[in-house]
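See below for the structure under consideration.
Here is the naming used below: chain letters follow the sequence lines, and residue numbers restart at 1 for every chain. Worth knowing before you read on, the calculation uses all heavy atoms, side chains too, and leaves out hydrogens, waters and symmetry mates.
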Amino acid sequence: MELDMSLEKDINYLLKGVVEVIPEDGLKNKILQAQKDGRQLRVKLGVDPSSPDIHLGHTVVLRKLKHFQDLGHKIVFIIGDFTGRIGDPSGKSSTRKKLTKEEVEKNAKTYKEQAFKILDPEKTEIRYNSEWFEKINFSEVLELTSKYTVAKMLERDDFSKRYKDGRPISIMEFLYPLMQGYDSVVIKADIEIGGTDQKFNLLVGRDIQREYGMEPQVVMTLPLLEGTDGVNKMSKSLGNYIGINESPTQIFGKIMSIPDELIIKYFELATDFTPDEIMELKNRLEHGDNPRDIKLLLGETIVSQYYDYETGKRAKEEFLEVFSKKLSIPDNTPTINLTQPRSVIDILVENNIVESKGEVKRLIKQGAIYINGEKIDKDIELDSSVKCVIKVGKKKFLKIND
RNA sequence: GGGUAGGUGCCCGAGUGGUCAAAGGGAGCAGACUGUAAAUCUGCCGCCGGAAGGCUACAGAGGUUCAAGUCCUCUCCUGCCCA
């Protein structure tokens, strides 16, 4: 009886924030099975090392893995270095970027470091899928491809849409889900988790495992977190992401710029606030509290998670000073030293604050450039001994000779 | 393999041989208003130049023309239909 109760509790913990578990009672059965066999569950997550930055969107899934670790299970973290090196051909020619072995390794390394800000390295098994895909031969590839049909592939939403719209789909893209499924076979996954957009791939894993005479994995999907634009899922390529390796100032600033409607979702998916606490915040919002204040709390909380409490607090204070009261400039404002007199236009372009000289001129015309708080209406030469702060728009700052 | 429709700036998309750096929309940037939110209004939105102007650009390579995104040839890429 007592056992049942704690099992119930564990399961509820693991289901927090989860969108779907397939099959529905799979999680419970897996746990019971593992208990009976006296072993840990192997919980799989595959990541693509095409970009080294982990953002808040990734942390939704990582946090869930952490929950499994907390209950003593094994995380198998697969780095898709093989697939990364081939390059995902989806979309247009621009996405067809192949990564070199070195790049993939570098990305994987920084990725790991960041993941371990959330996960416990002791309880994590890291695998690279080149380990098996480099060795596989063509007849084995054929065997794998024979286990799935074109019609089933076309069931996938984005494939069928692209197919109907007459947009290209490469055969390699068809291979991706199969390869992901093969990963599950190799590492003997009990459970695989991912975002809701991964549902199809995760399910293919079940079919493939079954074909290879294995008990199919349980699939768990988690919500996708929208990025700072409030519309699209957070992703680096869309530029709407908040990276956990970014500076406290940046993280805080980006949090403040998310749409109000996302505040609660962010608390749910990107913090450790309990459902009760979140409910209370929701009430406050509905009863007319300024959403800005709740957002300040969100920013402080998230910065604290990836740095520490003091840093989180400091980020909030700085934000208020710099942007609300406009009293100071951010702590991490870059500084450059002039060795000879230079014009503002040159300085801004050379330091990559602004893209081109034409743009700086435009900004000046639009009244967006300030030096020590004074708006300038034409380009000026700065002496090499002068100490000042250049402000571009509302968000960009550059210190000179300070 | 045959037929056919296409490939335009970050994305979508219009484009008559000259008036095209290329309509329109979206994204983005700036200003106003704000809570560095949203909405709204205004301006900007290839590069260089103070400007005049120059340079680069309409898949790629050639060609016709005083003049080509627009015409011709070849190449590459993609969709659809047929085999």
Side-chain angles (χ1 to χ4, degrees), chain A residues 89-97 154 159-173 226-233 235-242 246-267 281 284-285 288-300 302-303 315-330 332-333 343-346 348-350 352-370 375-381 390-397:
Chain A
S90 58
K92 301 270 157 55
S93 54
S94 57
T95 30
R96 197 166 301 169
K97 203 178 114 199
L154 285 173
F159 281 154
S160 64
K161 228 186 239 159
R162 278 160 67 186
Y163 192 64
K164 274 187 214 131
D165 293 353
R167 275 178 292 144
I169 303 170
S170 75
I171 300 287
M172 190 158 79
E173 288 177 273
E226 286 87 351
T228 52
D229 59 4
V231 179
N232 299 301
K233 78 166 183 175
S235 86
K236 189 165 187 189
S237 52
L238 291 173
N240 63 354
Y241 70 104
I242 303 174
E246 295 189 77
S247 72
T249 310
Q250 281 172 313
I251 294 178
F252 201 95
K254 287 186 181 183
I255 294 286
M256 290 310 286
S257 74
I258 65 169
D260 291 354
E261 304 77 62
L262 247 45
I263 296 176
I264 293 299
K265 191 164 185 184
Y266 267 59
F267 270 109
L281 292 173
R284 280 175 57 192
L285 278 174
D289 265 26
N290 188 341
R292 189 199 65 155
D293 297 330
I294 312 284
K295 232 192 258 181
L296 286 169
L297 174 64
L298 178 65
E300 186 180 357
I302 289 179
V303 173
K316 182 170 99 176
E317 283 162 5
E318 180 188 297
F319 177 85
L320 289 169
E321 278 172 30
V322 175
F323 297 107
S324 296
K325 298 180 196 154
K326 297 189 166 71
L327 289 178
S328 59
I329 63 169
N332 61 340
T333 299
S343 72
V344 171
I345 289 180
D346 289 339
L348 291 177
V349 174
E350 278 160 22
N352 297 319
I353 307 289
V354 182
E355 291 236 348
S356 72
K357 295 188 180 183
E359 191 174 345
V360 183
K361 285 175 203 159
R362 250 177 264 133
L363 290 166
I364 292 176
K365 221 178 276 173
Q366 293 178 135
I369 312 244
Y370 289 77
K375 194 188 285 183
I376 60 171
D377 57 5
K378 61 176 196 303
D379 188 24
I380 53 175
E381 188 99 341
I390 304 177
K391 183 179 165 206
V392 182
K394 285 175 193 157
K395 299 170 197 171
K396 294 179 190 160
F397 296 85

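Not one side-chain nitrogen or oxygen of A:K361 sits closer than 4.0 Å to the OP1 or OP2 atom of B:C44.
When the C1' atom is used for both B:U4 and B:U56, the distance is 35 Å, rounded to whole Å. Taking atom C1' on both nucleotides, B:G9 is separated from B:C20 by 12 Å, rounded to a whole Å. Rounded to whole Å, the separation between the P atoms of B:C74 and B:A21 comes to 30 Å. Taking atom P in both B:G62 and B:G54, one finds a spacing of 24 Å when rounded to whole Å. Only the C1' atoms considered, B:C45 is 13 Å distant from B:G26, to the nearest whole Å.
Checked against side-chain hydrogen bond (donor to acceptor under 3.5 Å, both in side chains), A:E350 has the following partners two or more places apart in sequence or in another chain: A:R342. Every residue meeting the side-chain contact (heavy atoms from CB on, under 4.5 Å) condition with A:K233, not counting sequence neighbours, appears here in chain and number order: A:D197, A:L224. When the side-chain contact (heavy atoms from CB on, under 4.5 Å) test is applied to A:E317, the partners found at least two apart in sequence or on another chain are A:K313, A:R314. In terms of the side-chain contact (heavy atoms from CB on, under 4.5 Å) criterion, residue partners of A:I329 (sequence neighbours excluded) are, by chain and number, A:T333, A:V389, A:F397, A:K399.
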List the protein contact pattern of nucleotides 25-40 of chain B with one symbol per nucleotide (5' to 3'): B for base contact, S for sugar-phosphate-only contact, - for none; contact means a heavy-atom distance under 4.0 Å. ----SSS-BBBBB---
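A:K395 forms no cation-pi arrangement with A:F323, by the criterion of a distance under 6.0 Å to the ring centre and an angle within 45° of the ring axis.
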Only distances under 3.5 Å count here; give the side-chain donor-acceptor pairs of residues 352-365 of chain A to other protein atoms, sequence neighbours excluded, each with its distance to 0.1 Å.
residue : atom : partner : partner atom : Å
A:S356  : OG   : A:E359  : N            : 3.2
A:K357  : NZ   : A:D346  : OD1          : 3.4

